[in-house]
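The next block holds one structure in the form of structure tokens; read it before the comments.
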Amino acid sequence: MNRPKSEELFALAQNRIPGGVDSPVRAFRGVGGTPFFVEKGEGDRIWDADGNAYIDYVLSWGPLILGHAHPRVVRAIQEAAARGTSFGAPTALETELAELVNAAYPSMELLRFVNSGTEATMSAIRLARGFTGRDVIVKFEGCYHGHADGLLVKAGSGGATLGVPDSGGVPGDYARNTATLPFNDIEAVRDFFAMRGADVAALIIEPVAGNMGLILPEAGFLEVLREETEKAGALLIFDEVMTGFRVARGGAQALFGITPDLTTLGKVIGGGMPVGAYGGRRDVMECVAPLGSVYQAGTLSGNPLAMTAGVETLKIIEELGLPEALDEKVKALSEGMADAAREAGVPLTGACCGSMFGAFFQEGPVRDFTGAMRSDTERYAKFFHSMLKRGVAFAPSQFEVGFMSSAHTDESVEATLAAAREAFAEL
Ligand code: KE4
């Protein structure tokens, strides 16, 4: 499959945009080669600048649970645009979307819209610190919560609980207050809270990890987070930017029956337009300006186009019984991939949760970041390109996940599995 047009566009992009991309993962550094430039998407497919079609399981990293260019969503955005694209003043649309979100996330008694998942988690953390008057934040290795300074932090050397920067430009001072623990490690959580629980403003977690590949919480893990934060007077923040409306209608908090104090959302609730949200307990959210001292603002927050796309998307999710209606299709794909890998003698450890799925190129089991890092990324890269040339687009990194949409047909899933059988055989 040739992509001369993408090669040319990539060269041009690199003249003006760092790495030629507006988000690093898109540059294919994780799998090598030149990224394809997309011209259009429709249903479960995208077309690149050279006219090649791909069955798309990236779906803009999660938002497009209805597939690309759903006619009703497109029409709603067009009609909204004709009435003006942004007012910087309240509209009824924001309340309409807030009510639709609250109906699925009753723990979000009050919520505020922002423009990205990063803004949502950054705001939730500032709010937790403002509400508790404490500084320390706990996160987990391999969990990604966007690129706010205090969250680009990794565990210090040795058993040190103090964080060190995980990115250039993050001052040590910002990292100092973020502790990083191993995912699924109940003992590490209990030990940390025994030592420093009184200093913790909040613990933030992806309740189903999707940024180190797909890793599910082990039995009892999330319950311990709820118990330890409660005991310490710290807030529990579920970062459901990816899992929201994806692992279940009500997210991981509904799936596992755990009520966090704050939740962050993004992706699906914007239906492909820039939307993030943070919300939770009324008493906590009432600390947000203009009600309280915790400042947060945004020119385009709650803008009518994004709200319209979100409202239409959540209405269709309701009508189609998503994401639960996708469970069987995801299981068929995940199990089919496992069978294909087994037949070809390729070690593969797959997992799925609602409309998300992942697979590590290794024997497994994989329960945390250290385990995920044992994966054979070379083999993943070969598999990725083998699938791409057969017209199937998975994530250009072993440490991402795949997403299903209501637009994916059984024929597309079958075609994907046929391509996978050939791709695994090539490995
Ligand atoms: P954004 O700022 O990218 O909208 O959201 C940040 C974020 C927060 N929390 C979770 C759990 C997330 O998965 C994300 C963003 N996810 C990545 C995909 N792994 C976005 C893709 C990208 O960075 O280009």
Side-chain angles (χ1 to χ4, degrees), residues 17-31 35 38 56-65 105 112-125 137 139-153 166-167 178 183 202-217 222 237-247 251-253 255 260 262-279 296 298 300-301 303 306 309-310 353-358 369 372 393-403:
I17 301 170
V21 292
D22 284 315
S23 198
V25 70
R26 305 176 192 174
F28 273 26
R29 293 287 171 103
V31 290
V38 176
D56 179 20
Y57 290 99
V58 178
L59 296 174
S60 182
W61 303 97
L64 303 175
I65 195 163
Y105 295 80
R112 169 157 295 166
F113 293 112
V114 293
N115 301 281
S116 68
T118 293
E119 268 193 87
T121 57
M122 176 176 72
S123 309
I125 291 218
I137 295 292
K139 72 176 289 291
F140 290 85
E141 211 173 11
C143 285
Y144 175 69
H145 303 290
H147 62 88
D149 285 343
L151 289 167
L152 294 178
V153 173
D166 199 14
S167 159
T178 304
F183 195 81
L203 178 151
I204 185 168
I205 189 162
E206 290 180 66
V208 173
N211 285 286
M212 51 174 149
L214 185 67
I215 299 182
L216 295 169
L222 297 178
I237 303 175
F238 270 11
D239 176 359
E240 300 226 44
V241 165
M242 188 187 281
T243 55
F245 292 99
R246 274 253 172 228
V247 298
Q253 57 196 269
L255 191 61
L262 291 174
T263 298
T264 52
L265 296 173
K267 296 181 193 274
V268 168
I269 64 167
M273 297 289 281
V275 179
Y278 68 102
Q296 177 269 312
L300 293 170
S301 295
N303 81 75
C353 187
S355 62
M356 292 164 51
F357 59 92
F369 181 70
F394 282 129
S397 160
Q398 160 71 96
F399 305 112
E400 297 286 352
V401 299
F403 300 96

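Quick note: numbers below take in every heavy atom, side chains included, and nothing from hydrogens, waters or symmetry partners. Read the numbers this way: they start at 1 and go in the same order the structure lists the ligands and their atoms.
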Output the list of atoms in ligand 1 that are nearer than 4.0 Å to some heavy atom of [X], sorted by atom number.
X: E400; result: 18 (C), 19 (N)
X: E206; result: 11 (C)
X: S116; result: 2 (O), 4 (O)
X: V25; result: 24 (O)

Which heavy atom of [X] sits nearest a heavy atom of [Y], and at what distance?
X: N115; Y: S301; value: ND2-OG, 3.3 Å
X: F403; Y: L59; value: O-CD1, 3.5 Å
X: M356; Y: V247; value: SD-CG1, 3.8 Å
X: A306; Y: P274; value: CB-O, 3.7 Å
X: M242; Y: G210; value: CE-O, 3.5 Å

Specify the protein heavy atom at minimum distance from [atom]: its residue, its atom name, and the distance to 0.1 Å.
atom: atom 15 (C) of ligand 1; result: K267 NZ, 3.5 Å
atom: atom 21 (C) of ligand 1; result: W61 CG, 3.7 Å
atom: atom 4 (O) of ligand 1; result: G117 N, 2.9 Å
atom: atom 7 (C) of ligand 1; result: G146 N, 3.8 Å
atom: atom 2 (O) of ligand 1; result: T118 OG1, 2.7 Å
atom: atom 10 (C) of ligand 1; result: Y144 O, 3.3 Å

- Query: So is S23 polar-close to ligand 1, meaning N/O to N/O under 3.5 Å?
  - Reply: yes
- N or O pair under 3.5 Å between D239 and ligand 1: yes
- Task: For the residue pair T264 and E240, confirm or rule out a side-chain donor-acceptor distance under 3.5 Å.
- Result: no
- Going by atom types only, do Y278 and Q296 share a side-chain donor-acceptor pair under 3.5 Å? yes
With a heavy-atom distance limit of 4.0 Å, tell me whether [X] approaches ligand 1 through its side chain, its backbone, both, or neither.
X: N211; answer: side chain
X: R26; answer: neither
X: H147; answer: neither
X: H145; answer: backbone

- Flag, side chain of S60 to backbone of G62, donor-acceptor distance under 3.5 Å: no
- Is a donor on one side and an acceptor on the other found under 3.5 Å between the side chain of R26 and the backbone of P35? no
- Query: Tell me, do V241 and L265 make a side-chain contact under 4.5 Å, heavy atoms counted?
  - Reply: no
